[in-house]
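Every chain is numbered from 1 and lettered A, B, ... according to where its sequence line falls, protein lines coming before strand lines.
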Number of protein chains: 2
Amino acid sequence: MTSSPKPLAQPISITANTLKVACSQCNLRELCLPLGLNEQEMHKLDDLVGTRRRVKRGTHLYRATDPFEAIYAIRSGFFKTGVIAEDGREQVTGFQMAGEIMGMDGIGTEHHTCNAVALEDSEVCPIPFAKLEDMSREIGTLQHHFHKVMSREIVREHGVMVLLGTMRAEERLAAFLLNLSQRFSSRGYAPNEFHLRMTRDEIGSYLGLKLETVSRTFSRFQEDGLVSVQQKHVRIVDPAGLKKLMSRNC
Amino acid sequence: MTSSPKPLAQPISITANTLKVACSQCNLRELCLPLGLNEQEMHKLDDLVGTRRRVKRGTHLYRATDPFEAIYAIRSGFFKTGVIAEDGREQVTGFQMAGEIMGMDGIGTEHHTCNAVALEDSEVCPIPFAKLEDMSREIGTLQHHFHKVMSREIVREHGVMVLLGTMRAEERLAAFLLNLSQRFSSRGYAPNEFHLRMTRDEIGSYLGLKLETVSRTFSRFQEDGLVSVQQKHVRIVDPAGLKKLMSRNC
DNA sequence: ACCTTCAGTTGACGCATGTCAATCCTCGCC
DNA sequence: GGCGAGGATTGACATGCGTCAACTGAAGGT
């Protein structure tokens with residue numbers, strides 16, 4: 001159903017039975033924390049990253065209030081992060097895929113402030129944060145790149161604020177699909193055909209909509225020939241049409 | 001009209017005619033970047049921070065696409081930050097006051113991604129970012145505190161996402177007022193009486209509402225005896241009532 | 001002090017999205 | 001292979017907020 005991954009630049013095969021895989025050998029390194037490091041620096045990073053941790057679908061990688069010790073690079077799989085307000089309302093704050101970094105919300109308060117849940121069986125590389133700071137003091141490239149990663153998270157959230165603050169349902173869903181498409185694409189997957197890992201309810205929470213509205217909007221897109229949807233399987237038929245939809249009504 | 005500032009802990013008088021004022025002498029240091037540094041480290045930081053820059057009301061501190069060179073600590077005044085989507089829609093992403101740090105959105109792309117506009121005559125302390133990274137490699141405390149500042153920005157934005165994604169107009173405005181109240185309070189100003197520096201339109205943009213809705217909601221709060229509003233002057237009459245409003249209807 | 005301009009308030013009305021409910025579809029499990 | 005449960009779809013109806021418009025009030029400049 002889902003398209004198979006195409007290799008990224010310089011693919012490197014990994015022996016299947018080693019749980020600990022070095023950054024220097026990881027085919028995600030161009031998307032992940034090691035970006036920009038030279039050979040020697042990358043090997044130092046290998047020592048930093050802990051052994052990989054499997055997270056089964058539906059289970060938490062961390063929960064709000066857990067003590068903060070590490071950030072996590074996603075080696076494979078798919079996650080959602082979300083916060084729960086005092087009164088119990090839940091808001092999905094993001095969906096994360098391979099090569100992305102999670103857990104930076106915990107630095108400020110020494111404990112996590114979101115929940116992170118695997119939406120499919122996944123693997124993460126824990127990066128003990130105290131050690132990351134130590135190594136950042138030695139390797140300027142690493143320090144700078146980590147700052148970039150955090151900054152981009154801030155900018156990503158600005159984008160979500162624009163979405164939630166100014167867009168109508170159709171525009172929100174179009175923006176969501178195009179964003180997923182772009183991220184799958186940059187990981188070597190087909191940009192226009194993919195499997196949604198999350199439910200309509202989770203999409204709705206992320207987009208500030210009710211699940212019924214998400215479902216109806218998908219149906220409308222299908223009627224209009226923009227996408228073809230069957231449950232969680234999505235094919236973007238008319239990417240340009242989706243883009244145009246987002247810039248109308250200004 | 002507005003209450004006068006009460007001194008923070010350990011107030012230190014500043015000679016009025018020096019434009020460059022050291023962090024070590026700044027009465028905002030407990031709120032700002034130097035937090036947690038010892039005497040010696042603080043003096044190093046003094047060399048890092050550039051001369052203060054005045055920003056007149058209504059003018060930009062920086063604009064989206066400006067090359068990124070420094071982050072800014074607000075010495076005095078009040079700012080808004082916002083992004084403009086491709087199609088021209090504007091979304092206010094935050095309001096910043098003394099002691100807060102702005103500009104971290106620019107790290108990831110080497111140029112700023114928001115606009116920052118002074119809502120009253122203000123002063124900022126520019127912190128050249130390359131130098132901050134250099135010094136962070138020497139002073140672990142500074143490095144760690146900077147990471148905390150960025151992390152808290154991420155968490156703050158999560159809060160805005162909850163607001164925009166799940167709250168109704170009344171709840172949004174109540175949350176907004178209580179947030180301002182808390183921040184004024186921690187700067188030594190009266191928590192329950194303050195002057196809004198922004199227009200109804202800017203509040204609306206931040207809260208994902210139209211200015212008419214903001215205005216109507218203020219009026220309703222006044223009828224219900226929660227606040228007393230006259231244009232930009234706000235007095236919170238019943239803080240507990242506002243808080244209760246936010247946790248209803250879950 | 002007056003005028004101009006911009007911000008804020010208020011009302012009437014419409015629409016997009018939420019709410020409630022019934023039904024259908026899929027997938028995993030026995 | 002059939003069954004059960006949860007996810008998804010669709011319809012009918014309700015409502016909160018947006019839109020449009022008129023009016024009021026405050027601030028700033030000459």
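Using a 4.0 Å cut-off between a side-chain N of Lys or Arg and a carboxylate O of Asp or Glu, Glu223(A) and Arg220(A) do not qualify as a salt bridge. Of the charged side-chain nitrogens involved, none lies within less than 4.0 Å of a carboxylate oxygen, so that Lys243(A) and Glu86(B) do not count as a salt-bridged pair. Under 4.0 Å is where a charged nitrogen must lie from a carboxylate oxygen, and between Glu171(A) and Arg89(B) at least one such pair does.
Considering only residues two or more places apart in sequence or on other chains, Phe78(B) meets the ring pair (Phe, Tyr, Trp, His ring centres under 6.0 Å) condition with none of them. Partners of Tyr62(A) according to the ring pair (Phe, Tyr, Trp, His ring centres under 6.0 Å) rule, which considers only residues two or more places apart in sequence or in another chain, are Tyr72(A), His112(A).
Nucleotide dC17(D) holds its C1' atom 14 Å from the CD atom of Glu171(B), rounded to whole Å. Between the CG atom of Leu119(A) and the P atom of dG6(D) there is a distance of 18 Å, given to the nearest Å. Separating the CD atom of Glu170(B) from the C1' atom of dT15(D) is a distance of 14 Å, rounded to the nearest angstrom. To the nearest angstrom, P of dG18(C) lies 11 Å from CG of Leu207(A). When the P atom of dC6(C) is taken as reference, atom CD of Glu202(B) falls 15 Å away, rounded to whole Å. Between Arg168(B) atom CZ and dT17(C) atom C1' the separation is 14 Å, expressed in whole Å. Distance NE2 (His233(A)) to P (dT26(C)): 14 Å, rounded to an integer number of Å. Atom NZ of Lys210(B) is separated from atom P of dA16(C) by 14 Å (rounded to the nearest Å).
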Seminar exercise, completed: Whether each nucleotide of nucleotides 7-12 of chain D has a protein heavy atom under 4.0 Å at its base (B), only at its sugar-phosphate (S) or at neither (-) is summarised, 5' to 3', as SSBBBB
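Residue-level contact check: Gly204(B) touches neither bases nor backbone, having no heavy atom under 4.0 Å from any strand.
When each of Thr93(A), Leu164(A), Val83(A) is tested with Val162(B) by the rule side chain to side chain contact (heavy atoms under 4.5 Å, CB included), just one qualifies, namely Val83(A).
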